[in-house]
Structures are given as C-alpha cells and as structure tokens.
Amino acid sequence: MEFKGVMGGLYRISEWIMRLSVINLLWMLCSIPVFFFLFMGLVSQTPDALKATLPILAVLAPFTLFPATTAMFAVARKWVTGEEDVPLLKTFFRGYKENYLQSMLGGIFFVLIFVIIAVNYFFYLKQGSSLKVLAVLFIAFTVIMIIALFNFFSIIVHLHMKIFQIVKNSILITIGNPINSIVLLICNGVIVYICLTKFNFFLVVFFMGAIVATFSFWQFNRSFTKLQTKQQELEEKEQQRLAEAEAAEEGNDEASESEVNESPISLHKKDENDKTKD
C-alpha cells in the first residue's frame with residue numbers, strides 16, 4: 001500500500017524515524033558495557049571518578065563499541081546506496097559478525113593512538129611556554145584521527161581490504177580531502193551537540209549514532225564516487241594513449257616489413273606490454 005501527498009510524506013517520515021531508532025537502539029545495546037561505565041563516570045560528583053573510568057572504556061571499546069558502530073555503518077551503507085528496505089536486524093548483526101575482527105583490531109589501534117596523544121598532550125602542557133606549542137599540535141592530530149575514525153568505519157563496510165590498508169586509507173583520505181574532512185567534522189559536531197543539549201536522553205538513545213553514521217557514510221560515498229570517476233577518466237586516457245602508441249608502433253612495423261621480412265623486436269615488445277597489463 002502506497003500513500004501519496006501529505007499522508008505519503010508523513011508515512012515516509014515515520015518510517016525513517018523507526019529505522020533510525022531501531023539501529024540506534026541496537027548500537028547502544030551491543031555497546032552496553034561502554035555506555036554503562038561512561039554514564040557512571042558522567043554522573044559521578046568528582047572528576048577523579050570520571051578519570052578512573054577512562055582506562056575501563058579504553059579496554060572495552062575495541063571489543064564492544066567498535067564492532068557495534070561498524071554494524072551500524074553497514075546498515076547506513078545500505079540506506080545510502082539505495083537499499084532502504086533491507087531487514088534491519090539481519091543486516092545489523094551480519095555486519096557485526098562479518099566485520100568483528102577487523103573492527104576490534106582497528107579499535108585497538110585507534111584507542112592506542114588516542115592514549116598516546118593524551119599522554120603527550122598533558123605532558124607538554126605542563127612544560128614551559130616554548131613546549132606548550134607541541135600540545136596544540138597534538139590537538140590538531142586528535143582532530144585528524146577523529147575524522148579518520150569516521151572514514152575507517154565507512155571503508156570497512158564498503159571495501160574489501162586488509163586492516164592495515166583500511167587504517168592507512170582512512171588517514172590518507174582524511175588528509176587528502178581537507179574540505180570534505182572539515183565538513184564531516186563540523187556537521188557531525190553539530191549533530192552531537194544538538195543531541196546532547198536538546199532533549200539529550202531521547203535523541204542520544206534513539207537517533208544520535210544512526211544519524212552520524214548515515215551522514216558520515218553519505219559524505220564518504222560522495223567523495224569515493226568522485227574519486228572513482230576521476231580514476232576511470234585517467235584509466236581511459238591511459239588506454240587511449242596506449243592504443244595510439246600501439247597503432248603508431250604497428251604503422252612503423254608495417255613500414256619496416258617492406259625492408260625486412262621478419263619483425264622479432266616488435267613481437268617481443270607486445271609480449272612485454274601484455275605482461276604489464278596483466
């Protein structure tokens with residue numbers, strides 16, 4: 001049954017509210033240990049209590065939060081690429097299972113990087129004025145790694161790569177597309193800020209993660225499609241150049257055949273070109 005007009009619009013809105021809320025709830029349920037200790041640290045009266053929970057969060061995140069976030073991105077990928085009516089539970093847990101190992105390994109890497117950044121930041125912050133500049137550099141590095149984290153989840157659900165390639169490409173895409181990276185950071189920052197300050201409990205529980213994942217993958221897919229188009233254009237130009245070179249070479253061969261009845265050199269070159277293409 002298909003609704004049209006105002007009823008159709010309301011139906012579509014309610015449908016997307018349901019999709020986003022279901023995926024967001026699944027994301028939080030699969031990350032219960034992380035959100036539990038985070039909540040306990042935030043509601044504590046002393047800053048020391050929050051600091052005490054950070055090591056626990058660092059240990060738990062790669063095994064719970066990262067796989068759950070990858071699963072959420074797997075569903076967001078289906079939505080962005082046009083498969084809006086996919087079964088939510090099946091798609092989520094399939095993405096969770098298939099990408100668990102890579103998500104965990106990537107989570108360990110990013111957590112270690114953030115720990116190293118934090119240790120160095122607070123160390124140089126306590127030093128003299130000349131060394132405090134290094135603390136600012138670590139803040140910039142933190143921003144880059146946060147953006148790379150969004151690209152990491154998008155790549156892991158979209159491309160077949162080894163974990164080292166996924167991490168490397170997530171960082172390279174972040175650095176190589178500064179405008180898109182800044183847009184991604186600002187928009188996700190706005191989403192998180194609104195969710196945390198306006199009806200915080202309701203929006204965080206039902207929408208925040210799913211909206212961030214959907215927008216992040218949409219932005220990544222947009223950039224990736226442009227990159228693919230440019231790569232195809234370069235490949236077509238290269239093929240055209242090779243075809244012209246081969247045509248010119250054949251013309252030279254025909255001219256040489258009028259003088260010499262054998263052409264072993266030209267045949268050898270063609271074999272080399274075939275090996276290069278393979």
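Along the sequence shown, residues carry numbers from 1.
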Can you measure from [atom1] ([X]) to [atom2] ([Y]) and round to the nearest 0.5 angstrom?
{"X": "M161", "Y": "Q102", "atom1": "CE", "atom2": "CD", "answer": "10.5 Å"}
{"X": "S21", "Y": "F202", "atom1": "OG", "atom2": "CZ", "answer": "8.0 Å"}
{"X": "I175", "Y": "I173", "atom1": "CD1", "atom2": "CD1", "answer": "11.0 Å"}
{"X": "I23", "Y": "M72", "atom1": "CD1", "atom2": "CE", "answer": "9.0 Å"}
{"X": "I166", "Y": "I171", "atom1": "CD1", "atom2": "CD1", "answer": "12.5 Å"}
{"X": "T64", "Y": "M104", "atom1": "OG1", "atom2": "CE", "answer": "12.0 Å"}

In terms of hydrophobic clustering (I, L, V, M, F, W, Y; side-chain heavy atoms under 4.5 Å; direct or indirect links), are [X] and [Y] co-clustered?
{"X": "I116", "Y": "I144", "result": "no"}
{"X": "I147", "Y": "L227", "result": "no"}
{"X": "F36", "Y": "L65", "result": "yes"}
{"X": "I32", "Y": "M208", "result": "no"}
{"X": "V111", "Y": "F164", "result": "no"}

When you compare the side chain of [Y] with that of [X], does any pair of heavy atoms fall below 4.5 Å?
{"X": "V205", "Y": "L25", "result": "yes"}
{"X": "R222", "Y": "N180", "result": "yes"}
{"X": "L20", "Y": "F206", "result": "no"}
{"X": "F207", "Y": "I191", "result": "no"}

Nearest heavy atoms of [X] and [Y], plus distance in Å:
{"X": "C30", "Y": "A68", "answer": "CB-CB, 3.7 Å"}
{"X": "T91", "Y": "A74", "answer": "CG2-O, 4.4 Å"}
{"X": "S216", "Y": "S154", "answer": "O-OG, 3.9 Å"}
{"X": "L57", "Y": "F37", "answer": "CD2-CB, 3.8 Å"}
{"X": "W27", "Y": "F92", "answer": "N-CZ, 3.9 Å"}
{"X": "S181", "Y": "T174", "answer": "OG-O, 2.8 Å"}

Parallel, tilted or perpendicular: rings of F220 and F224 (30°, 60°) |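 Geometry flag for F220 against F224: parallel rings.
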
For [Y], is there any backbone N or O sitting under 3.5 Å from a side-chain donor or acceptor partner on [X]?
{"X": "R19", "Y": "E84", "value": "yes"}
{"X": "S14", "Y": "Y11", "value": "yes"}
{"X": "Q231", "Y": "K226", "value": "no"}
{"X": "N169", "Y": "Q165", "value": "yes"}
{"X": "S31", "Y": "M28", "value": "no"}
{"X": "N24", "Y": "V204", "value": "yes"}

Salt-bridge contact R12-E15 (side-chain N to carboxylate O under 4.0 Å) |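 Counted as a salt bridge, because a side-chain N and a carboxylate O are separated by less than 4.0 Å.
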
Identify whether the distance between the nearest side-chain nitrogen and carboxylate oxygen of R241 and E244 falls below 4.0 Å.
->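 Answer for the salt bridge query: no.
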
Derivation of the side-chain hydrogen bond (donor to acceptor under 3.5 Å, both in side chains) call for N99 and T70 = CA-CA 7 Å; N99 301 303; T70 301; over 6 Å; no

Ring centroid separation for W16 and W79, is it under 6.0 angstrom?
->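 So the answer is yes for these two rings.
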
Looking at Y100 versus Y96, is the centre-to-centre ring distance below 6.0 Å?
->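 Yes - the distance between ring centres of Y100 and Y96 falls below the 6.0 Å cut-off.
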
Set of residues satisfying ring pair (Phe, Tyr, Trp, His ring centres under 6.0 Å) with respect to F153, sequence neighbours excluded =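 For F153 the ring pair (Phe, Tyr, Trp, His ring centres under 6.0 Å) partners, ignoring immediate neighbours, are F66, F73.
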
N221 and T81 side chains, donor-acceptor separation under 3.5 Å =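 N221 and T81 do not have a side-chain donor-acceptor pair below 3.5 Å.
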
